[in-house]
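Reading through the structure tokens given below for one structure.
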Amino acid sequence: MRAGEHLLNVWQRFDGLPMDNLVKARNYERAGLKKQRSVDQMREHREAYGLGGNCFDLALWLLAEFREAGIEAYPVGSELSTAEAHAAVVAIDGQGRRFLCDLGDQWIQPILVDTQDASFSDAPQTGFFPGADVQLSAEPDGLTIIYQRPGGKLSVQKYSLAPASEEAFWQAAEYSQHQLGTTPLIEVRVPYAGEVAHWEFNDWQSELSTSKGLVQEEAAASFDAWVERIQGRSGYAREIIKEALSFYKSMD
């Protein structure tokens with residue numbers, strides 16, 4: 001179920017890079033009518049400020065990195081050009097096997113999605129998603145993934161594995177950049193007690209999802225304390241965090 005070194009060498013360039021709506025908020029006033037950043041802009045912003053982006057940013061960026069490495073890949077998504085949209089990438093290895101690559105949901109590594117392949121298993125898998133085992137089930141129109149968390153909690157997500165057209169995907173990305181939401185969000189994979197955990201700041205609360213369960217963090221004592229906590233987890237430049245959090249504060 002695991003990808004080979006050629007795919008992982010590209011995937012691991014994004015280790016520790018957050019998914020968030022902070023960058024979207026910061027970019028909103030600066031970008032003019034067109035909000036979706038180019039891949040070159042994303043690379044520049046990472047170099048200058050440590051920034052990641054939302055699921056469309058990360059999918060477009062990962063897609064470009066795969067293709068530049070000579071790896072065939074294509075965009076996939078669900079409910080494109082709606083407020084519920086999600087974006088990911090399917091990459092194809094040297095044996096023609098397809099792997100789902102989802103940076104937006106902060107997967108630890110890509111996972112094999114060809115159900116007819118001898119290596120495919122529909123048993124729960126560990127080490128692909130922080131704080132949960134994943135179980136894949138083929139559907140007529142794609143794939144269903146069941147996330148099994150400590151304590152028996154289950155959640156489900158469906159993916160279409162059909163290639164989205166490049167034009168439709170970029171249009172959906174542009175639509176997404178205009179949907180700011182009302183509360184700040186940032187998620188990032190972090191090392192924790194010998195594993196990869198999922199840290200999330202959402203609506204002025206933060207928590208860690210681990211293989212042992214959910215770890216709720218005490219609320220930060222002040223606005224500046226939130227800036228410091230987010231900076232410590234994400235590596236983002238403080239001024240960017242401050243500006244984005246101030247934007248969401250103004251929406252209260």
Side-chain angles (χ1 to χ4, degrees), residues 1-5 7-9 11-22 50-55 58-59 62 78 86-89 99-113 119-137 143-159 181 183-222 225-236 241 245:
M1 298 288 279
R2 297 175 185 265
E5 186 176 343
L7 265 62
L8 287 177
N9 282 342
W11 173 266
Q12 288 167 352
R13 296 173 193 172
F14 294 84
D15 284 355
L17 195 66
M19 189 288 298
D20 65 89
N21 65 8
L22 304 186
L51 303 185
N54 78 344
C55 65
L58 298 177
L62 179 63
S78 60
H86 185 64
V89 171
F99 288 82
L100 176 68
C101 306
D102 190 343
L103 288 169
D105 274 350
Q106 292 290 299
W107 283 64
I108 297 170
Q109 61 181 303
I111 191 166
L112 179 70
V113 293
S119 298
F120 183 87
S121 171
D122 59 6
Q125 303 291 316
T126 300
F128 288 92
F129 194 86
D133 290 347
V134 295
Q135 187 172 10
L136 277 59
S137 173
L143 192 74
T144 293
I145 298 178
I146 302 169
Y147 302 87
Q148 304 178 1
R149 293 180 168 83
K153 181 182 177 183
L154 300 178
S155 58
V156 175
Q157 184 169 5
K158 293 191 175 183
Y159 289 85
T183 56
L185 168 71
I186 184 165
E187 305 175 24
V188 63
R189 293 165 288 164
V190 297
Y192 176 82
E195 64 176 287
V196 178
H198 177 277
W199 184 81
E200 179 174 338
F201 166 77
N202 188 7
D203 197 14
W204 308 99
Q205 300 178 64
S206 62
E207 62 187 25
L208 274 167
S209 296
T210 77
S211 62
K212 305 290 192 298
L214 204 59
V215 179
Q216 296 281 356
E217 296 183 330
E218 186 177 347
S222 66
W226 276 123
V227 172
E228 289 304 311
R229 183 179 299 182
I230 294 168
Q231 199 283 326
R233 291 294 192 184
S234 68
Y236 282 9
I241 301 168
L245 293 187

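The first residue of the sequence shown is numbered 1, and numbering continues consecutively from there. Just so it is clear, the structure is predicted and the values come from calculations on it, not from any experiment. Side chains are part of it too, since the values below use all heavy atoms of this structure and drop only hydrogens, waters and symmetry mates.
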Validation row: Glu187, Trp199 side chains within 4.5 angstrom (heavy atoms): no

Audit row: Tyr236, Gln231, side chain to side chain contact (heavy atoms under 4.5 Å, CB included) steps and yes/no: CA-CA 5 Å; Tyr236 282 9; Gln231 199 283 326; 5.6 Å; no

Worked check of side chain to side chain contact (heavy atoms under 4.5 Å, CB included) between Tyr147 and Val134: CA-CA 5 Å; Tyr147 302 87; Val134 295; 3.7 Å; yes

Nearest heavy atoms of Pro184 and Leu22, plus distance in Å: CB-CD2, 3.8 Å

Only pairs under 3.5 Å count here: list side-chain donor-acceptor contacts from residues 99-107, not counting sequence neighbours, and write none if there are none.
| from | atom 1 | to | atom 2 | distance (Å) |
| --- | --- | --- | --- | --- |
| Asp102 | OD1 | His86 | NE2 | 3.2 |
| Asp102 | OD1 | Gly104 | N | 3.1 |
| Asp102 | OD1 | Asp105 | N | 3.0 |
| Asp102 | OD2 | His86 | NE2 | 2.8 |
| Asp102 | OD2 | Tyr159 | OH | 2.5 |
| Gln106 | OE1 | Arg189 | N | 3.0 |
| Gln106 | OE1 | Arg189 | NE | 3.4 |
| Gln106 | NE2 | Leu17 | O | 3.2 |
| Gln106 | NE2 | Leu103 | O | 3.0 |

Minimum heavy-atom distance Arg2-Thr126, with the two atoms named: NH2-O, 3.3 Å

Under 3.5 Å donor-acceptor, Asp20 side chain and Val188 backbone: no

Parallel, tilted or perpendicular, as decided by the 30° and 60° cut-offs, for the rings of Trp204 and Phe201: perpendicular

With sequence neighbours excluded, residues passing salt bridge (Lys or Arg N to Asp or Glu O under 4.0 Å) with Arg149: none

Closest approach of Cys55 to Met19 (non-hydrogen atoms, all atoms of both residues): N-CG, 3.9 Å

Sidechain-backbone polar pair: Trp11 side chain, Ile108 backbone, donor-acceptor under 3.5 Å: yes

Backbone of Asp122 reached by a side-chain donor or acceptor of Gln135 within 3.5 Å: yes

Note, Leu8 side chain near Pro110 side chain (heavy atom, < 4.5 Å): yes

Heavy-atom pair with the smallest gap, counting every atom of Pro150 and Thr210: CG-O, 3.6 Å

Partner residues of Glu207 under the salt bridge (Lys or Arg N to Asp or Glu O under 4.0 Å) criterion, sequence neighbours left out: none

Closest non-hydrogen atom pair, Pro18 against Leu58: O-CD1, 3.8 Å

For the student: nearest non-hydrogen atoms of Ser234 and Ile241, plus distance: OG-CD1, 4.2 Å

